[in-house]
Amino acid sequence: MRARVIESPYRVAAGLVALLVLTAAVAATVVADGRGPRPVAASATDRFSAERALTDLQRFATEPRPLGSPANDRARAYLTGELESAGFSVQTQRGVGARASEGLATFGRVDNVIATLPGRASTGTVLLAAHYDSAATGPGASDDGAAVAAMVEVGRLIARQGDQRNDLVLLFTDGEEDGLLGAEAFAREHPLARVGGVVLNWEARGVGGPSLMFETSVDNAALVSLFAALPHPRGDSSLVEVYRMMPNFTDFTALSKAGFTGLNFAYIENSSYYHTAGDTIGNLDRGSLQHHGENMLHLAHALGAADLAELRSDHDATYFRLAGTMITYSNALALPIALLAVVAVGAVVVLARRRGPARSGQLLLAAASVAVPLGAAALLGQGMWSVLEWLRPAYQQMGGLLHRPQVYHWALVALAVTSVLGWYLPARRRLGPVAPAIGALAWPAGLGVVCAVAAPGASFLFALPALFVALGTLAALLPVRWSLWPVTVFTLGASVAAALLGPLSGNLIDGVGLTSGGAAAAGAALFVVMVLPLIELLLPGPAARRPVTVAVPVTAAVVSALLIAAGTVVDTFDARHPARAHLAYVLNADTGVASWVSGDTEPAGWTRTFVDGTDIARLSPGYVWGTVWTGPAEPMALDGPVVEVLHRDGDTITVHVASRRAASGLVLRVDHRIDRVVAAVAGAAPVELALTGERADNWPGEIRFRDLPPDGVDITVRTPGADRVRVTAADETHGLAAAPGFRPRPDDLVPSIREDGERIVVTRTVDL
């Protein structure tokens, strides 16, 4: 009869060594997966060179280039000239892009750059896509300048090498930041979109890290096989499954809906600079640019030489890296593998009942009680973020994407350990060490089955760790005479869990920030409960006095608190790592009253020199969404936007809207729900959108038009059942330098990425 799953005459030493081995496995996986190719010098003329791509990047990505801006025009002209010089046939597609979301219709004039290099015996189109516009709040060196520069460099290389079998098209979309407008216009109107093909889309949500393949079209197996053959493939199929369930979108969304198959890539580390003034060439990781470009070149060559018709598949593939090797298999195997893990865990249960002290009731109770540490870890991890927002209100504008979050990562791990130990020590006193350790394996095994049914590409994250830990446990329970046999074979099995499940928490933080701290902590707790037999080796016997067993989780809790405190010391704001501040200048043209407006929950000291309270009476009705701070501002001599009724038919009305001051954008907020909007500008076909739902925290309907024509736009809107509506029109220009009384931000503050900030806005309210 065993008192523990693992017995060893060198109990504490063996446990420490084993846990260090697993920690090393996690660290090695993080380092290996985070390492991409080194930047290649410009002298290497037969390879992609990040140094050459940087030369292009410096020509167009040193200033913000939002849709319709002069910088946007300059970038387009540069790209056109370079690609024509390389031998491409270049076309500018001008049109109106559109996007519908809950209660919101967004339109904008776009200018897509489409460069074509015909193949010698084409079987279809290979489309490389990236967007050349940037957010208005930063120069977008990474988002998406790096991909644009890489495409120019790849285009030159392929054009110079020649002998491409398939047609190569480089699509530089416009207006992505305003709602995928350029990609939507291309997919809806361009002849190439009707033909279809294979698309490789390139993005960034940070300024560093490996180029991850995070999204695919459905039935991706053949394309995944090409991806797996890359020199440095990064990413796994769990990213695909998670992204398919998220509300996030890129140009790939519009292109795949148009019928393209393909792959989507992005790097996501150091995401605190995303969409900010910190997305600069200076902050760009040259290795990330090199990885983007190498992947792009290899896949363009592979697809360019392939018979694209033969790349069609009828299923998705699971893919991931393990011990430096990319493993791929059909998703059809996900459920059998998950069920095999369940069988292996069941075998552990049977063997434990026969050879150990654990009874069926104890095992069931232990397995059910594992929900306690997993739930506690999730609550503590989410609570940590709430505490951090309370301690440092400036974090609220960061959206969980912090400059130096590494200490907080360790704090989440410590909270996970605290949760597990706080459950395990009382459980082992009542149930013994064996039942909780074995019962815990039911959770990853069960999650593996659930994912195999609902999200097959993510099943490996849970099924394989459960399978290998169960096999290691079975081997440890065998009557082998070598005293270190149990700890050795269990550690080998747990190493797979360490490599696959160990980095999960850090990946979650890199992807979506500390706002997902609860999920990250729960993931860490799941890994910890799987290695309880090793942790048990470090603990006193179950019969130890209560003060001893209480001291262990208390110590872990103290360590967690110290790490959280240390994180606030390490992650401070300075010129290199600035905080964010939201501010807008808003002139109510109906009253002639101007206001400073900030959406910050706790405005910074600089912001408080403009705002002094939360009174919104000076603002036009319907302008504000959410809670804002306001303050008086000196009025500017600006005319409000024009809203003229052209036609009315029941609950459908057509208005002409324009800006008297040549503003770059215009927003209409409507006090009724809208379900149909048509936008018409001179020289383009009218574009119609159907809407569902309503806007939150504001009037129910909203219409936006970006890159507003000088002579305005005709908008037809239907408000079901309403014969009288109220509309607040707001025209907008980027930048606050022209606003009277504006003072530049200090070096440790940059504009917030909130969409209505850093703008001069003139509003007018009309009853229709």
Side-chain angles (χ1 to χ4, degrees), residues 29 212-225 227-228 233 235-246 263 313-323 325-350 364 367-368 370-371 374-375 378 438-474 493-505 507-508 511 516 519-520 522-527 529-530:
T29 301
L212 302 173
M213 200 268 278
F214 69 97
E215 186 183 14
T216 73
S217 52
V218 296
D219 298 332
N220 61 26
L223 291 174
V224 166
S225 66
F227 163 75
D236 62 63
S237 52
S238 70
L239 298 177
V240 175
E241 298 287 8
V242 170
Y243 197 81
R244 286 176 179 175
M245 293 184 286
M246 293 177 67
L263 309 174
S313 304
D314 60 1
H315 64 281
D316 279 347
T318 292
Y319 63 95
F320 56 91
R321 275 168 54 90
L322 184 62
T325 301
M326 183 62 71
I327 296 172
T328 66
Y329 54 82
S330 170
N331 274 5
L333 294 176
L335 186 57
I337 291 172
L339 293 175
L340 182 61
V342 171
V343 170
V345 172
V348 172
V349 171
V350 171
L364 287 172
V370 175
L374 298 182
I438 294 177
L441 294 181
W443 283 79
L447 287 171
V449 172
V450 171
C451 285
V453 174
S459 180
F460 77 93
L461 273 178
F462 308 106
L464 291 179
L467 174 61
F468 280 92
V469 171
L471 292 176
T473 305
L474 286 171
S495 295
V496 175
L500 293 179
L501 200 54
L504 177 61
S505 296
N507 293 340
L508 282 170
S516 67
L526 182 63
F527 174 65
V529 298
M530 295 180 70

Under a 3.5 Å distance rule, please check whether [X] uses its side chain to pair with a backbone N or O of [Y] as donor and acceptor.
| X | Y | result |
| --- | --- | --- |
| Ser238 | Ala458 | no |
| Ser505 | Gly523 | no |
| Asn220 | Asp316 | no |
| Ser313 | His315 | no |

Q) So which pairs with a foot in residues 331-349 pass side chain to side chain donor-acceptor pair (under 3.5 Å), sequence neighbours left out? A) Thr318-Asn331
Q: Could you check if a side-chain atom of Trp443 sits within less than 4.5 angstrom of a side-chain atom of Met530, using non-hydrogen atoms only?
A: no
Q: Taking the side chain as every heavy atom from C-beta outward, state whether Leu239 and Asp236 have any pair of such atoms under 4.5 Å apart.
A: yes
Heavy-atom closest pair, residues [X] and [Y]:
| X | Y | value |
| --- | --- | --- |
| Val469 | Ala494 | CG2-CA, 3.9 Å |
| Ala463 | Ala338 | CB-CA, 3.8 Å |
| Leu322 | Ala499 | CD1-CB, 3.7 Å |
| Pro336 | Ala332 | CD-O, 3.2 Å |
| Met326 | Ala228 | CG-CB, 3.7 Å |
| Ser217 | Leu223 | OG-CD1, 4.3 Å |

Under the side-chain contact (heavy atoms from CB on, under 4.5 Å) rule, collect the residues that match up with [X], sequence neighbours excluded.
| X | result |
| --- | --- |
| Ala442 | Ala367 |
| Ala519 | Leu508 |
| Ala498 | Leu22, Ala25, Val26, Phe527 |
| Val240 | Thr216, Arg244, Tyr319 |

Once rounded to the nearest 0.5 Å, what's the spacing between atom [atom1] of [X] and atom [atom2] of [Y]?
| X | Y | atom1 | atom2 | result |
| --- | --- | --- | --- | --- |
| Ile337 | Leu467 | CD1 | CG | 8.5 Å |
| Leu461 | Leu526 | CG | CG | 10.0 Å |
| Thr29 | Leu504 | OG1 | CG | 12.5 Å |
| Met246 | Glu215 | CE | CD | 10.5 Å |

Q: Using the test ring pair (Phe, Tyr, Trp, His ring centres under 6.0 Å), find all partners of Phe462 that sit at least two apart in sequence or belong to another chain.
A: none
Q) Which residues pass the ring pair (Phe, Tyr, Trp, His ring centres under 6.0 Å) test with Phe320, sequence neighbours left out? A) Phe460
Please report, to 0.1 Å, the donor-acceptor pairs under 3.5 Å made by any side chain of residues 445-456, with sequence neighbours excluded.
none

